[in-house]
Amino acid sequence: MLLRLPKSVSEAQECLSEGAVPIGGATLVWAAWQRDGFPDQAVSLRDVPEANVVGHETLGAAVMLNQIGDPLPEVLRRAAASVGTGAVRRTATVGGNLVGSTLRCLLPPALVLDARCTVLGARSLYETDLAEVVAKRHVLLSLHWKEPIASGYRKLSGEAGGEPPLVVATALHADDEGGRTRLRVAVRDGYEVISDSTVYDADGDPDTEQVLDALRGTEIGSLHTTAWDVIGEEVTTLMARSGGRNPRE
């Protein structure tokens, strides 16, 4: 197998047009290739600058999980720190986790940040949403979002060999309509990820129970009691941290 290491977007596109298979950190694909056979050529974005950005509101797909720290939102930092072992985090990449993994540990944080994706095609770059990237397994170049007011993340303990542990990601955003605050919640329950949002007036002392009642009227409301116990705790903590004043994290 020939591993190609382009140093620019145009070189990466040339590799894709010639049939090179994206490899990411190879923590997931290597075992499958050993079982099913290696491709003739693979391509890694680790030397492409746009895929390695760690910025205020952007994160490159080739960034390794152990590199996710300041100035990124808390929800991303805590999610990345919870993935696997230190050895895994020093190799696994953002793009591999979101697109190549069935666990998709970074997907709930990316959803509550309302992140948009820059996709690398063989002939063009374009922006799309997370749902399309995950469903069609596009080659992710980077994520972009607007800084949240505050964010949080909680991952329950799981049993070895069992289903993936429950994950609840939350974030508060200044809503574009009427100066209100939007609460976004994403939950990984087993291998399924559900996300939705609700808005509330942040002036004064927002009623957490009213916000949770509104959230129960969304797709999130279909989740089981254990998930809702965690959601309630996380939303209560997040709203208390924000104090209704829209502070920045």
Side-chain angles (χ1 to χ4, degrees), residues 1-55 57-69 72 76 79-111 113-145 164 188 191 193:
M1 182 184 72
L2 172 65
L3 175 60
R4 302 178 66 174
L5 299 172
K7 297 185 181 301
S8 68
V9 167
S10 60
E11 288 181 12
Q13 289 175 313
E14 181 180 351
C15 294
L16 292 174
S17 69
E18 294 175 358
V21 179
I23 193 173
T27 56
L28 297 167
V29 299
W30 198 262
W33 287 349
Q34 287 180 312
R35 182 187 66 241
D36 302 330
F38 286 79
D40 291 334
Q41 55 178 326
V43 57
S44 168
L45 302 183
R46 71 187 188 194
D47 292 336
V48 177
E50 292 88 343
N52 285 278
V53 176
V54 180
E57 296 179 338
T58 186
L59 181 62
V63 173
M64 290 177 288
L65 301 189
N66 73 323
Q67 296 174 310
I68 296 179
L72 300 175
L76 273 175
S82 75
V83 176
T85 64
V88 169
R89 294 191 293 273
R90 288 191 295 271
T91 307
T93 63
V94 171
N97 186 276
L98 283 170
V99 183
S101 170
T102 56
L103 297 178
R104 297 174 296 179
C105 300
L106 297 185
L107 182 57
L111 286 169
L113 291 175
D114 196 26
R116 298 286 293 173
C117 306
T118 299
V119 170
L120 178 64
R123 295 181 178 81
S124 65
L125 292 178
Y126 65 94
E127 186 176 289
T128 188
D129 58 27
L130 284 157
E132 179 179 324
V133 169
V134 171
K136 297 185 178 180
R137 300 176 69 86
H138 290 314
V139 180
L140 180 67
L141 184 66
S142 58
L143 296 173
H144 310 272
W145 61 87
R188 187 186 71 188
Y191 290 95
V193 177

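One-based numbering along the sequence shown. Just so you know, these numbers use all the heavy atoms, side chains as well, and skip hydrogens, waters and symmetry mates.
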> For Leu65 and Leu106, what are the C-alpha separation, side-chain angles and deciding distance, and is it a side-chain contact (heavy atoms from CB on, under 4.5 Å)?
Replying inline: CA-CA 10 Å; Leu65 301 189; Leu106 297 185; 3.8 Å; yes
> Where do Arg116 and Asp129 land on the side-chain contact (heavy atoms from CB on, under 4.5 Å) test, with the steps shown first?
Replying inline: CA-CA 5 Å; Arg116 298 286 293 173; Asp129 58 27; 3.4 Å; yes
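With hydrogens and angles ignored, the 3.5 Å screen pairs no side-chain donor or acceptor of Arg90 with any backbone N or O of Thr85. Glu50 places no side-chain N or O within donor-acceptor distance of the main-chain N or O of Gly60, the cut-off being under 3.5 Å. Gln41 contributes a side-chain N or O that, together with a main-chain N or O of Glu18, makes up a donor-acceptor pair within less than 3.5 Å. Asn52 contributes a side-chain N or O that, together with a main-chain N or O of Arg46, makes up a donor-acceptor pair within less than 3.5 Å.
Here the CG-CG distance, from Leu103 to Leu98, works out to 12.0 Å after rounding to the nearest 0.5 Å. Interatomic distance, CG of Leu125 versus CD of Gln13, reported as 5.0 Å (0.5 Å rounding). Atom CD of Glu132 is separated from atom NE2 of His138 by 3.5 Å, given to the nearest 0.5 angstrom. Interatomic distance, CG of Leu140 versus CG of Leu120, reported as 9.5 Å (0.5 Å rounding). The structure places OG1 of Thr118 at 10.5 Å from OH of Tyr126, a figure rounded to the nearest 0.5 Å. Of the inter-residue distances, the one linking Glu11 atom CD with Arg4 atom CZ reads 9.0 Å to the nearest 0.5 angstrom.
Listed here is the closest heavy atom pair of Cys117 and Leu143: SG-CD2, 3.7 Å. The shortest non-hydrogen separation linking Met64 to Arg89 is CB-O, 3.9 Å. Nearest heavy-atom pair, Cys105 versus Val83, reported as atom, atom and distance to 0.1 Å: CB-CG2, 3.6 Å. Of all heavy-atom pairs between Pro6 and Ala12, the closest is CB-N, 3.4 Å. Counting all heavy atoms, side chain and backbone alike, Ala42 lies closest to Met1 at CB-SD, 3.9 Å. Considering all non-hydrogen atoms of both residues, Leu72 and Thr58 come closest at CD2-O, 3.8 Å.
A 4.5 Å side-chain heavy-atom check between Ser142 and Val63 finds every atom pair outside the cut-off. Under the 4.5 Å side-chain criterion, counting only non-hydrogen atoms from C-beta, Leu45 is not in contact with Thr93. Val43 is not listed as a side-chain neighbour of Ile23, based on a closest heavy-atom distance of 4.5 Å or more.
When each of Val134, Val99, Val133, Asn97 is paired with Leu107, the side chain to side chain contact (heavy atoms under 4.5 Å, CB included) condition holds for Val134 and for no other.
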